[in-house]
Amino acid sequence: MNVLVTGGTGYIGSHTTVELINRGYTPILVDNLSNSREEVIQAIEKITGKGVTFFNIDLCNRSELKKFFEVYKIEATIHFAAFKAVGESVDFPLKYYRNNIQSLVNLLDLYNEFGLDNFVFSSSCSVYGQNDEQPVSESTPLGKAESPYAFTKQIGEKILSDSIRAYKFKGCSLRYFNPAGSHESALIGEYPLQAPTNLVPVITQTAIGKRKKMQVFGSDYNTPDGTCVRDYIHVMDIASAHVDAITRMAGGKVNQDMEIFNLGTGQGNTVLEVIKTFEKVTGQKLSYEMSPRRPGDVEKVYADTGLANSLLGWKALRNLEDIVKTAWDWEKKLSEANKSIA
Ligand code: UDP
């Protein structure tokens with residue numbers, strides 16, 4: 001079964017590609033390499049022992065994309081390709097609205113034109129905004145989007161659900177909590193061109209010496225130690241949920257409008273707990289300081305995962321220790337590779 005993976009050379013896209021291949025699907029990767037590197041493909045091939053098909057296409061270019069659909073018979077799509085830096089989206093909102101919305105509209109438009117089926121949308125727990133009730137479930141009302149990035153995910157879900165209803169195909173939205181960690185081989189991991197702003201890569205970059213010191217944003221939140229609470233989930237668990245979603249749709253088990261699933265562990269951890277876990281698991285001492293709150297951050301969010309557990313038959317298998325260990329293995333690997341290139 002041919003599965004189009006947009007953003008296939010990116011962080012979650014590359015890990016999901018490995019999982020698709022391992023479970024007998026044929027991924028076809030499309031990416032414009034705006035925040036990823038082509039060498040990821042060789043790493044995926046090394047892990048899986050299979051060749052990977054890749055096209056450098058910008059999804060905002062409808063005619064290029066149309067040519068692709070004319071050639072390849074696509075039986076499902078996982079749409080990862082999007083900009084995802086919350087802070088950048090506040091500074092450059094139109095960059096985010098143009099790219100994240102235009103690409104989705106083009107894809108869905110061509111889905112309709114070519115009569116295609118089975119569409120998975122990358123969404124985010126940021127659609128819940130700041131919510132007093134925790135954990136959040138899929139039926140929790142959406143909160144105010146705290147950033148243009150979060151708003152592109154809210155609008156994206158609406159665009160997809162309206163399209164599914166009008167054009168009659170199957171689709172679902174997967175709301176990721178905080179994906180982190182790397183494939184156990186340390187051959188792929190988070191490898192963006194831009195400097196990462198997410199907590200786990202900031203921690204590993206600080207420990208390896210790429211950054212002198214890291215900041216903990218906010219210590220006066222209403223949480224056990226005053227720092228924000230998030231639900232950190234291993235990227236390979238996120239990857240397997242995508243394959244479960246495709247399998248569910250292709251098996252014809254979906255008989256309603258767009259389905260939505262939270263992808264988290266159900267467990268919330270503070271920033272300081274993540275730092276302490278990293279120090280314990282790796283034996284590295286981290287240099288960090290407490291700083292003011294970061295604009296756009298919500299105080300706490302973690303998942304009720306009951307729906308994904310029961311309908312997808314999916315459950316996160318890895319814990320926070322696995323996350324920091326694999327993230328650290330990957331950071332060390334990157335640093336060795338850079339040394340050998342230098
Ligand atoms: N965070 C931090 N220092 C950093 C990066 C992140 O204290 O250098 C905190 C951030 O304020 C938030 C948590 O770590 O409370 C997770 O942030 P991240 O950017 O990884 O994900 P988000 O939940 O914002 O999508």
Side-chain angles (χ1 to χ4, degrees), residues 12 77-80 82 84 86 100-101 104 108 117-179 221-223 228-234 237-269 296-317:
I12 306 178
T77 292
I78 307 179
H79 177 42
F80 292 108
K84 60 165 189 172
V86 174
N100 292 7
I101 305 298
L104 178 64
L108 294 175
D117 201 359
N118 305 320
F119 193 97
V120 182
F121 178 63
S122 280
S123 188
S124 150
C125 67
S126 63
V127 299
Y128 293 113
Q130 179 61 71
N131 218 299
D132 291 338
E133 264 186 50
Q134 295 293 335
V136 285
S137 80
E138 295 80 354
S139 53
T140 301
L142 299 190
K144 174 178 160 284
E146 295 286 340
S147 66
Y149 161 77
F151 199 35
T152 66
K153 294 301 175 189
Q154 289 186 346
I155 304 168
E157 287 192 350
K158 177 80 177 122
I159 292 172
L160 177 60
S161 64
D162 287 348
S163 303
I164 286 170
R165 204 165 301 133
Y167 308 134
K168 312 268 181 273
F169 60 91
K170 296 188 285 301
C172 69
S173 178
L174 302 182
R175 292 179 178 162
Y176 315 151
F177 281 65
N178 285 62
Y221 287 103
N222 183 24
T223 60
C228 291
V229 169
R230 296 287 184 276
D231 185 338
Y232 296 90
I233 167 137
H234 198 285
D237 284 327
I238 293 263
S240 67
H242 287 76
V243 186
D244 293 336
I246 293 278
T247 306
R248 175 176 165 78
M249 285 190 288
K253 290 191 190 142
V254 183
N255 51 12
Q256 57 177 83
D257 293 341
M258 179 179 84
E259 289 191 322
I260 300 176
F261 297 105
N262 280 346
L263 300 185
T265 62
Q267 152 124 29
N269 286 106
D297 273 345
V298 299
E299 182 170 277
K300 55 168 116 57
V301 61
Y302 56 98
D304 176 333
T305 61
L307 201 63
N309 299 159
S310 60
L311 292 190
L312 287 183
W314 170 88
K315 192 169 171 299
L317 300 176

Heavy-atom side-chain contact between [X] and [Y] under 4.5 Å:
X      : Y      : result
Glu133 : Thr140 : no
Phe119 : Leu104 : yes
Tyr302 : Gln267 : no
Val120 : Ile246 : yes
Arg230 : Phe177 : no
Val301 : Asn131 : no
Ser122 : Lys153 : yes
Ile164 : Phe169 : yes

To the closest 0.5 Å, what do you measure between [atom1] ([X]) and [atom2] ([Y])?
X      : Y      : atom1 : atom2 : value
Thr223 : Gln134 : OG1   : CD    : 12.0 Å
Trp314 : Arg248 : CH2   : CZ    : 14.5 Å
His79  : Ser173 : NE2   : OG    : 11.0 Å
Asn100 : Thr152 : CG    : OG1   : 4.0 Å
Ile78  : Ile12  : CD1   : CD1   : 11.0 Å
Ser137 : Ile260 : OG    : CD1   : 10.0 Å

Closest approach of [X] and [Y], non-hydrogen atoms and distance?
X      : Y      : answer
Asn269 : Tyr232 : O-CE1, 3.9 Å
Val127 : Ala150 : CG1-O, 4.4 Å
Glu259 : Leu311 : OE2-CD1, 4.3 Å
Glu299 : Gln130 : N-OE1, 2.6 Å
Ser240 : Asp237 : OG-O, 3.0 Å
Cys172 : Leu160 : O-CD2, 3.8 Å

With [X], which residues qualify under salt bridge (charged side-chain N to carboxylate O under 4.0 Å, His left out), at least two apart?
X      : answer
Glu157 : Arg175
Asp304 : none
Lys158 : Asp162

Determine, stepwise, if the pair Thr305 / Asn262 fulfils side-chain hydrogen bond (donor to acceptor under 3.5 Å, both in side chains).
CA-CA 6 Å; Thr305 61; Asn262 280 346; over 6 Å; no
For the residue pair Asp257 and Ser161, confirm or rule out a side-chain donor-acceptor distance under 3.5 Å.
no
Worked verdict on Asp297 versus Tyr221 for side chain to side chain contact (heavy atoms under 4.5 Å, CB included):
CA-CA 11 Å; Asp297 273 345; Tyr221 287 103; 3.8 Å; yes
Can the ring centres of His242 and Tyr176 be said to be less than 6.0 Å apart?
yes
Apply side chain to side chain contact (heavy atoms under 4.5 Å, CB included) to residues Phe121 and Leu174 and explain how you reach the verdict.
CA-CA 6 Å; Phe121 178 63; Leu174 302 182; over 6 Å; no
